[in-house]
Colleague: 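Quick one: this structure, given as structure tokens, is what I'll be asking you about.
Reckoned from all heavy atoms, side chains included, excluding hydrogens, waters and symmetry mates. This structure is a prediction, so every number in the text was calculated from the model and none was measured.
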Amino acid sequence: MRSRSSGAAALLCPLLGACLWSAVVGYKPVIVVHGLFDSSEDFKNLQRFINESYPGTNVTVIDLFDRSSSLQPMWKQVEGFKAAIYPIMQNAADGVHLICYSQGGLVCRGILSTLPDHNVHSFISLSAPQAGQYGDTDYFRIFPQFVKSNLYHFCYTGVGQLISICNYWNDPHHRDLYLNSSDYLALINSERPNPNSTEWRRNFLKIQKLVLIGGPDDGVITPWQSSQFGFYDDNETVVEMQHQELYLRDVFGLKTLVARGDLILCTVPGVEHVLWHSNETVFHACIEKWLM
């Protein structure tokens, strides 16, 4: 009996080891893109959360456009991050997951729209101003000229488009200026004629899941519902995503994702903007299950 048990154990152990190894190597790589004034150093907690839940996962926080360099124009950042991310995608036969925080969520939108052969499975947008930004926040107080009453004058000029914030500044009281002057957000949202819109929509819809995370106590994304494609009308009343024209017309695929069952909203109260990526509750409630 002892001999038989020993033989069974000898066979079972390698099989269990093989199964465990298969589970580890089966995790898709996770790529993280930081936000305004951040750097890769700020995401150590998020990396730890991922590796505690999925040991051995390859997590890469892209170290580009850190701190003040994050003010550079959005299209420049899209091309830089794309060049860094693409080799990771090419080495991931089963695809990758993309977690993009704050301004990084808009950078990732540009990458997903313009990269025809991306293999992103879950695109997790972590408190990103997907419908634009409007209002006073602590970020703007760093720059005396970034004041709500004057910012639209600054942004809707040739100089303004050289500053990343202006690339997605969306003043509901000057909608015409936004539509005519925005060289980034109005284009990727297909809110004005764009010869690439059909191709960009097709590229974007290659994602398997879109997870939109935000909450009412964010304090920076204004309105906070922009993180889930809601935004102000001209009376500064928030219009939720499903009533927005870009959703109703399905211009880049939101309505299609909903019809597919592939758009997930995750709203968490009590989280300040700078804490989203280091909050363990947010990770377990909104991110963890989409990294399988």
Side-chain angles (χ1 to χ4, degrees), residues 33 35-36 70-79 81-82 100 102-115 123 125 128-135 137 140 146 148 150-205 210 212 214 221-257:
V33 175
L36 189 65
S70 64
L71 286 167
Q72 294 190 45
M74 293 293 283
W75 283 119
K76 181 176 181 180
Q77 295 195 47
V78 166
E79 293 306 314
F81 279 108
K82 187 191 300 184
C100 308
S102 194
Q103 178 177 277
L106 290 177
V107 171
C108 290
R109 285 271 313 283
I111 293 170
L112 293 170
S113 297
T114 59
L115 191 57
F123 168 33
S125 172
Q130 296 291 357
Q133 173 73 25
Y134 176 73
T137 74
F140 293 162
F146 283 179
K148 178 178 172 181
N150 296 317
L151 187 58
Y152 78 92
H153 290 298
F154 181 81
C155 286
Y156 300 135
T157 66
V159 173
Q161 294 306 311
L162 298 178
I163 305 296
S164 66
I165 295 171
C166 293
N167 297 164
Y168 50 90
W169 181 256
N170 186 358
D171 188 333
H173 305 292
H174 298 88
R175 181 76 175 164
D176 56 333
L177 288 174
Y178 162 71
L179 291 175
N180 293 325
S181 302
S182 172
D183 289 335
Y184 189 75
L185 185 61
L187 292 180
I188 63 171
N189 279 352
S190 292
E191 293 176 286
R192 77 171 194 236
N194 173 12
N196 299 308
S197 59
T198 299
E199 179 186 356
W200 288 4
R201 182 180 188 275
R202 182 169 58 249
N203 295 342
F204 183 71
L205 283 172
L210 171 60
L212 301 173
I221 305 302
T222 312
W224 75 264
Q225 292 90 340
S226 179
S227 61
Q228 299 174 345
F229 285 100
F231 205 69
Y232 292 129
D233 62 15
D234 57 5
N235 292 317
E236 296 194 24
T237 299
V238 173
V239 178
E240 301 290 350
M241 175 185 69
Q242 64 269 28
H243 301 297
Q244 292 283 344
E245 185 178 359
L246 57 78
Y247 176 85
L248 295 171
R249 291 175 48 225
D250 202 23
V251 290
F252 63 89
L254 288 178
K255 196 172 185 180
T256 295
L257 287 169

Colleague: Taking all atoms of both residues into account, what is the closest heavy-atom pair of L112 and N203, and its distance?
Modeller: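 Closest pair (atom of L112, atom of N203, distance): O-CB, 3.3 Å.
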Colleague: Indicate the atoms forming the closest heavy-atom contact of C166 with G160, along with that distance.
Modeller: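 Where C166 meets G160 most closely, the heavy atoms are CB-O, 2.9 Å.
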Colleague: Run F123 and R109 through side-chain contact (heavy atoms from CB on, under 4.5 Å) and show every step you take.
Modeller: CA-CA 9 Å; F123 168 33; R109 285 271 313 283; 4.1 Å; yes
Colleague: By ring-ring contact (aromatic ring centres under 6.0 Å, His included), which residues pair with F252, not counting sequence neighbours?
Modeller: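 ring-ring contact (aromatic ring centres under 6.0 Å, His included) list for F252, sorted by chain: F204, F229.
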Colleague: Going through the checks in order, is the side-chain contact (heavy atoms from CB on, under 4.5 Å) test met by L177 and D171?
Modeller: CA-CA 8 Å; L177 288 174; D171 188 333; over 6 Å; no
Colleague: Which residue pairs pass the salt bridge (charged side-chain N to carboxylate O under 4.0 Å, His left out) test with at least one member in residues 196-205, sequence neighbours excluded?
Modeller: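 Checked against salt bridge (charged side-chain N to carboxylate O under 4.0 Å, His left out) - neighbours excluded - the pairs reaching residues 196-205 are R201-D250.
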Colleague: Check whether N189 reaches the backbone of E191 with its side chain - one donor and one acceptor, N or O, closer than 3.5 Å.
Modeller: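 Checking the backbone N and O of E191 against the side chain of N189, no donor-acceptor pair under 3.5 Å is found.
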Colleague: When you measure from the side chain of D234 to the backbone of H173, do you find a donor-acceptor pair of N or O atoms at a distance under 3.5 Å?
Modeller: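 Checked: no pair found.
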Colleague: Is there a donor-acceptor contact under 3.5 Å from the side chain of R192 to the main chain of L187?
Modeller: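 No.
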Colleague: Is a side-chain N or O of S226 found less than 3.5 angstrom from the main chain of P223, in a donor-acceptor match?
Modeller: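 No, because the side chain of S226 does not come within donor-acceptor range (under 3.5 Å) of the backbone of P223.
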Colleague: Run the side-chain hydrogen bond (donor to acceptor under 3.5 Å, both in side chains) test against S164 and tell me which residues pass, sequence neighbours left out.
Modeller: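 By the side-chain hydrogen bond (donor to acceptor under 3.5 Å, both in side chains) rule, S164 matches Q103.
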Colleague: So does S182 get a backbone contact from the side chain of Q161, meaning a donor-acceptor N/O pair under 3.5 Å?
Modeller: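 It does not hold such a pair.
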Colleague: So which heavy atom on G132 is nearest to which on F231, and how close?
Modeller: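 The pair with the smallest heavy-atom distance is O-CE1, 3.4 Å.
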Colleague: List the residues meeting salt bridge (Lys or Arg N to Asp or Glu O under 4.0 Å) with R249, not counting sequence neighbours, and say none if there are none.
Modeller: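 By the salt bridge (Lys or Arg N to Asp or Glu O under 4.0 Å) rule, R249 matches E245.
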Colleague: What closest approach, in Å, do I221 and P129 show between heavy atoms, and which atom pair accounts for it?
Modeller: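 Taking every non-hydrogen atom into account, CD1-CD, 3.7 Å.
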Colleague: Taking Q244 for the side chain and G230 for the main chain, is one N or O donor matched with an acceptor at less than 3.5 Å?
Modeller: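 Between the backbone of G230 and the side chain of Q244 there is no qualifying donor-acceptor contact (under 3.5 Å).
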Colleague: Using the test salt bridge (Lys or Arg N to Asp or Glu O under 4.0 Å), find all partners of D233 that sit at least two apart in sequence or belong to another chain.
Modeller: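 So D233 forms no salt bridge (Lys or Arg N to Asp or Glu O under 4.0 Å) with any residue.
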Colleague: By side-chain hydrogen bond (donor to acceptor under 3.5 Å, both in side chains), which residues pair with Q242, not counting sequence neighbours?
Modeller: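 With neighbours one apart ignored, the set is empty.
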Colleague: Would you say N170 and Q133 are linked by a side-chain donor-acceptor pair, where the criterion is simply a distance under 3.5 Å?
Modeller: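 Looking only at side-chain atoms, N170 and Q133 do not form any donor-acceptor pair under 3.5 Å.
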Colleague: With N180, which residues qualify under side chain to side chain contact (heavy atoms under 4.5 Å, CB included), at least two apart?
Modeller: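 Expected list: D176.
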Colleague: Taking only residues two or more places apart in sequence or in another chain, which ones pass ring-ring contact (aromatic ring centres under 6.0 Å, His included) with Y184?
Modeller: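 Result, ring-ring contact (aromatic ring centres under 6.0 Å, His included) vs Y184: W75.
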Colleague: With sequence neighbours excluded, tell me which residues meet side-chain hydrogen bond (donor to acceptor under 3.5 Å, both in side chains) with Q228.
Modeller: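 side-chain hydrogen bond (donor to acceptor under 3.5 Å, both in side chains) list for Q228, sorted by chain: T267.
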Colleague: Please name all residues satisfying side-chain hydrogen bond (donor to acceptor under 3.5 Å, both in side chains) with Q225, sequence neighbours left out, ordered by chain then number.
Modeller: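 Checked Q225 against side-chain hydrogen bond (donor to acceptor under 3.5 Å, both in side chains); zero matches.
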Colleague: side-chain contact (heavy atoms from CB on, under 4.5 Å) for T114 and W200? Distances and angles first, verdict last.
Modeller: CA-CA 6 Å; T114 59; W200 288 4; 3.7 Å; yes
Colleague: With sequence neighbours excluded, tell me which residues meet ring-ring contact (aromatic ring centres under 6.0 Å, His included) with Y178.
Modeller: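 Partners of Y178 by the ring-ring contact (aromatic ring centres under 6.0 Å, His included) criterion come out as none, since no residue qualifies.
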Colleague: Evaluate the criterion side-chain contact (heavy atoms from CB on, under 4.5 Å) for residue pair F81 and I111; output intermediate values, then yes/no.
Modeller: CA-CA 8 Å; F81 279 108; I111 293 170; 3.8 Å; yes
Colleague: For K82, which residues count as a salt bridge (Lys or Arg N to Asp or Glu O under 4.0 Å) partner, sequence neighbours excluded?
Modeller: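 For K82, the residues satisfying salt bridge (Lys or Arg N to Asp or Glu O under 4.0 Å) (neighbours in sequence not counted) are E79.
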Colleague: For a quick test of reading the model, state the closest non-hydrogen atom pair linking G105 to A128 and the distance between them.
Modeller: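 Scanning both residues, the minimum pair turns out to be CA-CB, 3.7 Å.
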Colleague: Regarding S125 and Q130, do their side chains bring together a donor and an acceptor under 3.5 Å, going by distance alone?
Modeller: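 There is such a pair between these side chains.
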